[in-house]
2 protein chains.
Amino acid sequence: MKITDIAKLAKTSTATVSRVLNNDPRVKEETRQRVLDIIKKTGYKRNTLGRNLRKMRSGNILAILPTILNPIYARIIDGVERQANKSGYGVIIAVSHRKKENERKQLEMLQTKEVDGAITFVSSLDEQFLGEMAREYPLVLCAGFTHCENVSYTCIDNEKAVYDGMKYLLSLGHKRIACINHKFSKVYEYQRKMGYERALKEARLPIRPEYMITNCTDFKDGYNYTKKLMELPEPPTAIFAFSDKIAAGCIKCLNEIGVKVGSEVDVMGFDNIELCEMITPTLTTINQPLEEMGMVAFDMLYEKIKNIKTTRKAVIMDHKLIIRQSTRPMKNA
Amino acid sequence: MKITDIAKLAKTSTATVSRVLNNDPRVKEETRQRVLDIIKKTGYKRNTLGRNLRKMRSGNILAILPTILNPIYARIIDGVERQANKSGYGVIIAVSHRKKENERKQLEMLQTKEVDGAITFVSSLDEQFLGEMAREYPLVLCAGFTHCENVSYTCIDNEKAVYDGMKYLLSLGHKRIACINHKFSKVYEYQRKMGYERALKEARLPIRPEYMITNCTDFKDGYNYTKKLMELPEPPTAIFAFSDKIAAGCIKCLNEIGVKVGSEVDVMGFDNIELCEMITPTLTTINQPLEEMGMVAFDMLYEKIKNIKTTRKAVIMDHKLIIRQSTRPMKNA
DNA sequence: TTGTACGCGTTATCAC
DNA sequence: GTGATAACGCGTACAA
């Protein structure tokens, strides 16, 4: 059943049927009804494949995730999907597993017109390549920072977020604060490090390399590094982990070696995922507005799809300190 | 740049170019090279829109999720995506938010040829409607059970899974075991209830309605219901929650009211999500092979896409008891 | 081994 | 308001 069949049955032309389907106002009410009747009677559904070819668009966008198992990305996608849905776009997810070749191949879907635009996250591709793609195709970076012209992006101010977290820990009376950073050499990791160091400098406290853990990916790493930190001659009195899962690893470790979290040693996370409320003690953290970032990312992409000439945009979202049980004023402060 | 341009530049026909693009062996090596050279030189990429119309397929499948925020679905999608990727299919995600109208509209994408097949999860649609769609289009149910002809499905044996969990708890010496079931009136919830009751009957223990909580959705509910359970004149000595998040709520509550989990009261979850290892004590649970279920679901769908006439299939996956710290032999057993 | 010619289903243009 | 017709880019049956 195709548009020509409907036209014949309604004794009109394909053009008119198409107009009805697209709510073109210049169709006589009587004709419209006749066509709609036939459509209803036959159960005709328009074939999107033909439509897409004619309009030279796919109606889908691509979201390239490093992994979907991290709830952070799930939440961002939730925002993207919600917003895309409103504009009638479908969201195709592609998992890069942080492999350059995968991401490259996935971005090719822009060139083959399989998707009308793409949202990428912490990218493993060089900025040059990204920039070249963005010159020709709608491309947006979400939850990350880029120097690239043409690539719009949205993220929080990571330097300030960590700085604010540190200020809070310092205000509790901590003098020995460790931080645990991620593994992948991304701009935001550098920015977080800077925030950590700035806060210490302003407080006239030393920056101790043994307190600055890097190459930490997940829960298990958080657990292991915490053990090492606590074995130092002068262990820290607070640990600021730059992800909640890592912080959960810290807490797990401290619980096991009998150190009271939230009195003897404070722990702070980053992201504010569901987990924070589930562990004991509950986890103080920095909130990232992930759903909103996803929504903003889609909106920026949509704008680019509608008019590729729009200039690049940066939307910096607000972070927020969420205080829970894992941090408390020091007794001897 | 389209296929005709390449044909002209390579001094051949569009048919031959198309053959080269599709690795048709009956092209002279010399011609093939000439075409490939031009393709490389011009950076030509084939337009998928034209191709899709011609082949009357979209190259995408749809995954209709109740929500993407539950890590369970994220893990299933991981399996689906992985497998789809191998076959060159894209995965479009659509979130139904458990709304009938949403799900219905999303399934329409099959009729409009926007997707070549669909995987649905715990569906809120009546079986009749699902069955009708499945007669015409490739449709698969993942992590759920259905009576529908035409709808292939994959899931674990939920009755036996709960039964096995109960047998384990009984073997530890428990005589008063509560269970906390979900909210949505799905077949699998009924099956789990049956498993719970069968185990009690076989052990000649009474089935106490006050120990059978229902309408429990998430962490917070688990927390609240546990409080109520422990306020009973005869509180249970073990709680079997039919989701890990709910179980985490139980543990949280017990921790707070000073009841030792894993000695005074045992707690058991369901699903084996990451969380189980992160909380204290770690959570005994029933593992569902979620990634594998996603992979199987895609494979079944793929088979249907290739040949819609294939008969309906059911793949029952193995569950597994994972023992951790939240359960232990009772002292006085 | 290659080329010609047509059709996939829709929308846009133009003429009426 | 409406209808005829030409694209959109590709794949393939058929002929050579």
Side-chain angles (χ1 to χ4, degrees), chain A residues 1-39 42-60 88 108-116 137 305, chain B residues 1-39 42-60 88 108-116 137 305:
Chain A
M1 188 63 56
K2 49 188 178 181
I3 215 172
T4 53
D5 300 325
I6 302 300
K8 256 175 225 158
L9 289 170
K11 298 192 199 316
T12 180
S13 70
T14 61
T16 298
V17 176
S18 178
R19 286 189 194 104
V20 171
L21 286 170
N22 293 290
N23 297 314
D24 190 319
R26 50 186 189 176
V27 179
K28 212 200 296 175
E29 193 46 37
E30 187 193 315
T31 325
R32 175 190 307 286
Q33 277 311 325
R34 206 171 61 236
V35 171
L36 286 176
D37 275 1
I38 300 292
I39 288 178
T42 57
Y44 162 81
K45 301 280 180 204
R46 132 168 90 197
N47 182 315
T48 310
L49 267 23
R51 172 169 226 245
N52 285 349
L53 174 59
R54 186 55 236 239
K55 305 201 90 161
M56 209 48 130
R57 51 149 246 162
S58 72
N60 292 320
E108 266 183 22
M109 292 173 71
L110 289 165
Q111 305 175 310
T112 57
K113 308 258 185 288
E114 279 175 276
V115 294
D116 302 339
Y137 304 100
I305 290 173
Chain B
M1 186 65 54
K2 49 190 178 181
I3 216 172
T4 53
D5 300 325
I6 302 300
K8 257 176 225 159
L9 288 171
K11 298 192 199 316
T12 179
S13 70
T14 61
T16 299
V17 176
S18 178
R19 287 189 194 105
V20 171
L21 287 169
N22 293 292
N23 298 314
D24 190 319
R26 51 189 188 171
V27 179
K28 210 200 295 173
E29 193 47 37
E30 187 193 315
T31 325
R32 174 189 307 286
Q33 276 313 324
R34 208 169 60 237
V35 171
L36 287 176
D37 274 1
I38 299 292
I39 288 176
T42 58
Y44 163 82
K45 301 280 178 202
R46 132 167 89 194
N47 182 317
T48 310
L49 267 23
R51 171 169 227 246
N52 285 350
L53 174 59
R54 186 57 237 246
K55 304 203 90 163
M56 210 48 132
R57 51 149 246 164
S58 73
N60 292 318
E108 266 184 22
M109 293 173 70
L110 289 165
Q111 304 175 308
T112 57
K113 309 256 186 288
E114 277 174 277
V115 295
D116 302 339
Y137 304 99
I305 290 174

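What you see below is based on every heavy atom in this structure, not just the backbone, and it leaves out hydrogens, waters and symmetry mates. First the proteins, then the strands, lettered A, B, ... as listed; each starts at 1.
Between K55(B) and dC8(C), a side-chain N or O to OP1/OP2 separation shorter than 4.0 Å is absent. Taking only side-chain nitrogens and oxygens, T16(A) never comes nearer than 4.0 Å to OP1 or OP2 of dG1(D). Note on R51(A): every side-chain N or O is 4.0 Å or more away from OP1 and OP2 of dG9(C). OP1 or OP2 of dG11(D) lies within a sub-4.0 Å distance of a side-chain N or O belonging to N22(B). Applying the 4.0 Å criterion to OP1 and OP2 of dG9(C), one finds that Y44(A) has every side-chain N and O outside that range. In this model, the phosphate group of dG3(D) is approached by a side-chain N or O of T12(A) to a distance below 4.0 Å at OP1 or OP2. At least one side-chain nitrogen or oxygen of R46(B) sits closer than 4.0 Å to the OP1 or OP2 atom of dG11(D).
For the pair P25(B) and L49(A), nearest-nucleotide mapping onto DNA chain C gives the more 5' position to P25(B). Between A15(B) and R54(B), the residue anchored nearer the 5' end of DNA chain C, judged by the nucleotide with its closest heavy atom, is A15(B).
The environment of CD in E30(A) is sparse: at most 12 heavy-atom neighbours from other residues, nucleotides or ligands sit within 6.0 Å.
Following rounding to the nearest Å, K28(A) (NZ) and dG3(D) (C1') show an atom-to-atom distance of 14 Å. Counting to the nearest Å, the P atom of dG9(C) and the CD atom of Q111(B) are 16 Å from each other. If you take CZ of R26(B) and P of dA16(D), they are 17 Å apart, rounded to a whole angstrom. If you measure from atom CG of N52(A) to atom C1' of dC10(D), you get 15 Å, rounded to the nearest angstrom. Look at CG on N47(B): it is 14 Å from C1' on dC8(C), rounded to the nearest Å. Per the geometry, CZ belonging to R57(A) stands 11 Å off P belonging to dA12(C), to the nearest Å. Protein atom CG of N23(B) is 16 Å distant from nucleotide atom C1' of dC10(D), rounded to whole Å. Put simply, NZ on K11(B) is 16 Å from C1' on dG3(C), counting in whole angstrom units.
Remark: side-chain polar atoms of T42(B) are paired, donor with acceptor, to backbone N or O of I38(B) under 3.5 angstrom.
Residue T31(B) is classed as a sugar-phosphate contact, given heavy-atom separations below 4.0 Å to backbone atoms only.
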> Run the side-chain hydrogen bond (donor to acceptor under 3.5 Å, both in side chains) check on D116(B) and S58(B) step by step: do they pass?
Replying inline: CA-CA 6 Å; D116(B) 302 339; S58(B) 73; 3.1 Å; yes
